[in-house]
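Structure record follows, encoded as structure tokens.
It should be emphasised that the depicted structure is a prediction, and the values quoted were computed from it without experimental measurement.
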Amino acid sequence: MIRWQNLWRFIPLFGLMMLLLTGCGDQTISALNPRGPVARDQLFLMKLSFGIMLLVVVVVFVLYLYVLVRFRKKKGDKDIIPKQVEGSHTLEIIWTVIPIILLLILAVPTVQYTFKLLEDHRDNKEALHVKVTAHAFWWQFEYPELGIATAQDLVIPTNKKIAFELTASDVKHSFWVPSLGGKMDTNPGNTNVYYLQADEVDVFKGKCAELCGASHSLMDFKVKSMDQADFDQWVAKMKTPASVPADAQKGEQIFKDNCLSCHAVNAQGLGAGPNLNGFASRELVAGILPHNDESLKQWISDPQSVKPGNKMPQVGLKDDQINDVIKYLNSLKLK
């Protein structure tokens, strides 16, 4: 009993920890730090709904405290039943009309923004069209009008609507870039559309927001926003075939014999695995590991140890063959 009685001493410690932990996190993965017009509109709706709920809570507590103090039984008062207000048409109208008004204040902008944020901009000539396909457990990005495809790193220009067309190849996933906007489900056999826009040059983290399997928490991706000129250069680099140095050509042949059936290495190629065009310019391996030879070796040798449940098989290469493949992959840079 003494141990339990002393637990109250930890309350200040827990309070301090909670205060410190509120400062933790990544600013590029917070819905409360909007970096685009879609995210700002959605944050406005969150603030509006929170404000209405807070107002209701405050009013109810004020009324409760007022009644508790004003009509408390005082010394010498007789034990009588206070005046009843049941059947008061005035009060019944008041507490019926007020909630309706509050609901309308919340519903009107919510419906308005819902239709606005779900507009289909795929035919908008001013927007960039991107097809997103979710796989277990990685992301494929196609730019139909530009004739390029990539994976894991979504590159977009700033101050331009990005019209998304989203689907999935296996199970249900959910596409989410918190700093740019809300999540959108990706369903097999179905296409959802919405749009996002980035205000400034930065790198934003994306997540899968739907429990989709053993490596759901590892299904990350990045969104890189660039100035239009830099984006145009990136597109041109993606379309330029990588030149393989002589010391990496042995690894290239091993890659063709064992990996090319799943992984394309050209601008438009699609396959069962991620397109590796420009792979050496990416910062992460498998979307989660730091890009270095050790991570590549771990991934190629035993992909299940990195992302359990993923569909990449163990190829069964020897150490020297893996080293040759790594040398080839490191040559796939955007010139």
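Between the side chain of R72 and the backbone N or O of V69 there is at least one donor-acceptor pair closer than 3.5 Å. When atom types are taken as modelled, the side chain of D227 and the backbone of D230 share no donor-acceptor pair closer than 3.5 angstrom. A donor-acceptor pair is defined here as one N or O able to donate and one able to accept, closer than 3.5 Å; no such pair exists between the side chain of N192 and the backbone of M184. No donor-acceptor pair closer than 3.5 Å links the side chain of S174 to the backbone N or O of C208.
Defined by atom type and a distance below 3.5 Å, a donor-acceptor pair is present between the side-chain atoms of H135 and S169.
Dense packing is recorded around NZ of K160, with more than 12 heavy atoms of other residues, nucleotides or ligands lying under 6.0 Å away.
Classification of K172 and D185 as a salt-bridged pair holds, one side-chain N sitting under 4.0 Å from a carboxylate O. Residues R35 and E200 are paired through a salt bridge, judged by an N-O separation under 4.0 Å between the basic side chain and the carboxylate. One finds no salt bridge joining D320 and K318 here, because no Lys/Arg side-chain nitrogen approaches an Asp/Glu carboxylate oxygen to under 4.0 Å.
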Inset, instruction - Determine, stepwise, if the pair W234 / Y143 fulfils ring-ring contact (aromatic ring centres under 6.0 Å, His included). - result: CA-CA 13 Å; W234 174 80; Y143 302 75; 5.6 Å; yes

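Scanning for salt bridge (Lys or Arg N to Asp or Glu O under 4.0 Å) contacts around K333 gives an empty result, with sequence neighbours left out.
The aromatic rings of F175 and W139 sit perpendicular, their planes meeting at an angle over 60°, well past the 30° parallel limit. The aromatic rings of H263 and F255 are tilted relative to each other, their planes meeting at an angle between 30° and 60°.
Relative to the six-membered ring of F137, K307 misses at least one condition, a distance below 6.0 Å or an angle of at most 45° to the axis.
No chain of hydrophobic side-chain contacts below 4.5 Å, direct or via other Ile, Leu, Val, Met, Phe, Trp or Tyr residues, connects L334 to L329.
Put simply, NZ on K47 and CG on L45 are 11.5 Å apart, with the number rounded to the nearest 0.5 Å.
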